[in-house]
Amino acid sequence: MAEHMDPEEFRRAGYAVVDWIADYWTTLGRRPVTSQDPPGAVAAALPAGPTEGGEPVEAVLADLDSLIAPRLTHWQHPGFFGYFPANTSGPSVLGDLVSSGLGVQGMLWATGPACTELETVMLDWLAGLLDLPERFRSAGRGGGVIQDSASSATLVATLAALHRASKGRWRVDGIDRRYRAYTSTQGHSSIEKAARIAGLGADGVHPVEVDPATQAMRPAALRAAIEADRAAGVTPAIVVATIGTTSTTAVDPLPEIGAICAEYGVWLHVDAAYAGAAAVCPELRWSHAGLEQADSYCFDPHKWLLTGFDCDAFWVADRGELIEALTVMPEFLRNAATESGAVIDYRDWQVPLGRRFRALKLWFVLRWYGVEGLRAHIRAGVALADRFAARVAADDRFELAAAHPFSLVCFRLRAGDEPNAELLRRVNDTGRVHLTHTRVEGRYTLRLAVGSPLTTEEHVDEAWDLLAAAAAALPAG
C-alpha cells in the first residue's frame, strides 16, 4: 500500500513534474494545436478503475505523455489563435504551486489573514497599473476581489444591482417584481446566464442594438429601452457595458452610457474581461474613458496578462452594497476579527463560501514581469495583430470585418459564408494553427486572436501563409 508522500518524496516528484511542464512548453510549437482523435478516445484508453496499491509518479507522467497531452487543445501553443487567449506563465504556475502547497482556505480574514490582505493589496496594485478610478481603491469605500471568471463577476454585480433596485427587499423577499438587465446585442452570454440564475429569466435581459459600423452599443437605443420598460412597469436594474466585445472587441461608449445610468439610478457594470489588460499601456487607456461612472468593473488577468486561469479581477465602487447583498453569518463563522469590523471577509464578495489563495500567482506575475514587462507583452500582441491585419488588407481576396484596436483581427474572404467556413476548416485541419469564427452583421467571419507569449512574427506569418494557400486552393465560385 502506498503511504502518504513525505516531503522528500514530494521534492523528488516535484522536480520531475516541473521538468515535465518545462519540456511540454519547449516542445509545444512542434505539436498539433488540436487533437485529431474522435470523442471518447481518452475515456477508452483509461483503465476501469484505480490501482489497488498505488503507482509511482513516473507512471503517471508516462500516461500524461501518451494519453493526455496528445488529446488536448493546446491553449499555450504559439499557433493557438482561437477564442481569446487564456495564457499562463512560469511565475503564475509557481504561484499556483505555492497556493496548492499551503492549502489555505481563505473564506474569512481569520482563516488566512495574509491570504486576504495580499489579495486586497494586489487588487489595488492592479487598479494602479490600469489607472482605474480612485473610487475602486480599498482606501475608500470601494475595493477589489478575485473572482473565478468574468461570468461570476457579472452574476455578483447583478445580485448587488437587484439589492439596490429593490431598496434592500430582494435580500429577504427575492424577486418581487419585474426587473431588467441591459446589454448590447454583442454582450457576453454570461449576462443572460447571470439573469437566469438571479431569477430574472432569459427575458430579463433587454438586448440593445449596436451601431453597425462600430458594433458598439447605441446610447439612444439604451435610453429608449429603459424608458419603454419603465412605462411598462418594469424596473431597470443593471446595464452591462463592454470594453472589447467577444465577437469583435468593440468598445461601448461609456461616457454616454454612464450618464444614462446615473440619470435613471441604474447600476453600471463594465465587462472588460479580455481588453481590460490593455490599459496597462497608457496609449490604450482611451478604451476606459468614462469608467469613473461605473459601479463595478472587471477584467481577466487570466486572459491577456500572463496569469493562469482562474483569476478575474473585480472591483466595486461601494463594497458596502455588495457585502450587504451577499453576507450570511452562521454561528460557526463568527469570530472576533469579523465582529471588530476592521477586516475584509471575501466570502461576502462572491457566491461560494470557500476560496483559494489566488492572489499568490498574481503577486508572482506582477513582481517577475514588473510594469514594463507586462506592457511589453501587451504591445507585442497588438503589434502582431497589426502585422497580420496589414497582410489581410494587402490581399484583394480578403477584407477586414471590424476595427482591431487590441490583438484580435476579424477578417473574411470577399465571398459567401460557405467559402469562409471551408477556409477555416482547411486551415485548422493543418494542426499548425487554430482560429475560430463569429458573425459580423450576419456574415461568417474568421477571428485570429494573439496572446501567447510564445507567439512570434514567424507564427503569425505562418498563419497568413496557410490562409493564403488554402484560399488559393478553394474551388472557384
Side-chain angles (χ1 to χ4, degrees), residues 4-22 24-25 57 60-61 64 68 75-76 85-127 129 138 143-153 156 273 277 298-315 333 335 337 343-370 373-374 377 453:
H4 291 302
M5 184 181 282
D6 66 34
E8 283 309 312
E9 289 174 311
F10 172 77
R11 190 188 311 277
R12 182 184 62 79
Y15 287 144
V17 171
V18 169
D19 282 344
W20 189 93
I21 294 171
Y24 170 75
W25 287 344
V57 166
V60 181
L61 293 179
L64 262 181
I68 305 301
W75 283 70
Q76 311 308 312
N87 290 125
T88 189
S89 64
S92 176
V93 171
L94 295 174
D96 250 343
L97 178 62
V98 174
S99 174
S100 296
L102 292 174
V104 168
Q105 172 33 292
M107 56 191 178
L108 302 166
W109 178 90
T111 65
C115 178
T116 293
E117 294 186 22
L118 183 66
E119 186 162 335
T120 302
V121 173
M122 287 305 97
L123 272 290
D124 281 341
W125 278 19
L126 270 183
L129 193 63
S138 67
V145 60
I146 299 174
Q147 304 283 352
D148 56 10
S149 63
S151 296
S152 289
V156 166
C298 77
F299 90 101
D300 292 338
H302 68 233
K303 280 194 169 71
W304 199 15
L305 210 62
L306 299 168
T307 307
F309 189 87
D310 54 346
C311 185
D312 169 83
F314 173 67
W315 288 267
L333 290 180
N335 64 89
V343 301
I344 286 176
D345 289 332
Y346 275 129
R347 70 187 187 91
D348 296 328
W349 298 50
Q350 61 177 27
V351 172
L353 170 64
R355 51 200 338 273
R356 295 184 298 110
F357 198 168
R358 285 178 294 212
L360 276 174
K361 60 187 172 188
L362 205 49
W363 191 41
F364 273 49
V365 167
L366 293 176
R367 292 185 67 179
W368 174 269
Y369 286 100
L374 294 172
H377 171 64

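Hydrogens, waters and symmetry mates play no part in the numbers below; they use all other heavy atoms, side chains included.
In this structure, V98 and L102 have side chains that are in contact, with non-hydrogen atoms separated by less than 4.5 Å. Taking the side chain as every heavy atom from C-beta outward, Y346 and L108 never approach each other to under 4.5 Å. Counting heavy atoms from C-beta on, the side chains of W125 and R367 come closer than 4.5 Å. Side-chain contact between L123 and W315 is present, with at least one heavy-atom pair separated by less than 4.5 Å. A heavy-atom distance below 4.5 Å is not found between the side chains of V145 and V156. A 4.5 Å side-chain heavy-atom check between D148 and D312 finds every atom pair outside the cut-off. Counting heavy atoms from C-beta on, the side chains of W109 and I344 never come closer than 4.5 Å.
No side-chain donor-acceptor contact under 3.5 Å links Q147 and W349. Between the side chains of Q350 and R355, at least one donor N or O sits under 3.5 Å from an acceptor N or O. For the residue pair D124 and S138, a side-chain donor N or O sits within less than 3.5 Å of a side-chain acceptor on the partner.
Under the 3.5 Å distance criterion, the side-chain polar atoms of K361 are left unmatched by any main-chain donor or acceptor of V93. With hydrogens and angles disregarded, a donor-acceptor distance shorter than 3.5 Å links the side chain of T111 to the backbone of Q105. A donor-acceptor contact shorter than 3.5 Å is absent between the side chain of D345 and the backbone of R347. Within the 3.5 Å criterion, the main-chain N or O of C311 finds a donor-acceptor partner in the side chain of H302. Between the side chain of T116 and the backbone N or O of A114 there is no donor-acceptor pair closer than 3.5 Å. Put simply, the side chain of S92 never gets that close to the backbone of T88: no donor and acceptor are under 3.5 Å apart. The closest donor-acceptor contact from the side chain of E119 to the backbone of G144 lies at 3.5 Å or more, if one exists at all. Formation of a donor-acceptor pair under 3.5 Å by the S89 side chain with backbone atoms of L306 is found in this model.
A salt bridge between R356 and D310 is present, with a side-chain N of the basic residue lying under 4.0 Å from a carboxylate O of the acidic one. Taking 4.0 Å as the cut-off between side-chain N and carboxylate O, E9 and R12 do not count as a salt-bridged pair.
Residues satisfying the side-chain contact (heavy atoms from CB on, under 4.5 Å) criterion with L129, sequence neighbours excluded, are L126, V280, L366, V371, L374. Residues passing the ring-ring contact (aromatic ring centres under 6.0 Å, His included) test with W75 are F80, Y83, sequence neighbours excluded.
Distance check: F357 CZ to W363 CH2 gives 7.5 Å after rounding to the nearest 0.5 Å. Between the CG atom of L97 and the CZ atom of F364 there is a distance of 8.5 Å, given to the nearest 0.5 Å.
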Inset, instruction - Determine, stepwise, if the pair L64 / L61 fulfils side-chain contact (heavy atoms from CB on, under 4.5 Å). - result: CA-CA 5 Å; L64 262 181; L61 293 179; 3.7 Å; yes

Legend entry - side-chain contact (heavy atoms from CB on, under 4.5 Å) assessment of Q76 paired with N87: CA-CA 6 Å; Q76 311 308 312; N87 290 125; 3.1 Å; yes

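Nearest approach of A277 to L305, heavy atoms of both residues: CB-CD1, 4.1 Å. For V104 against G112, the heavy-atom pair with the smallest separation is CG1-CA, 4.4 Å. In this structure, A150 and C298 approach most closely via the heavy-atom pair CB-SG, 4.0 Å.
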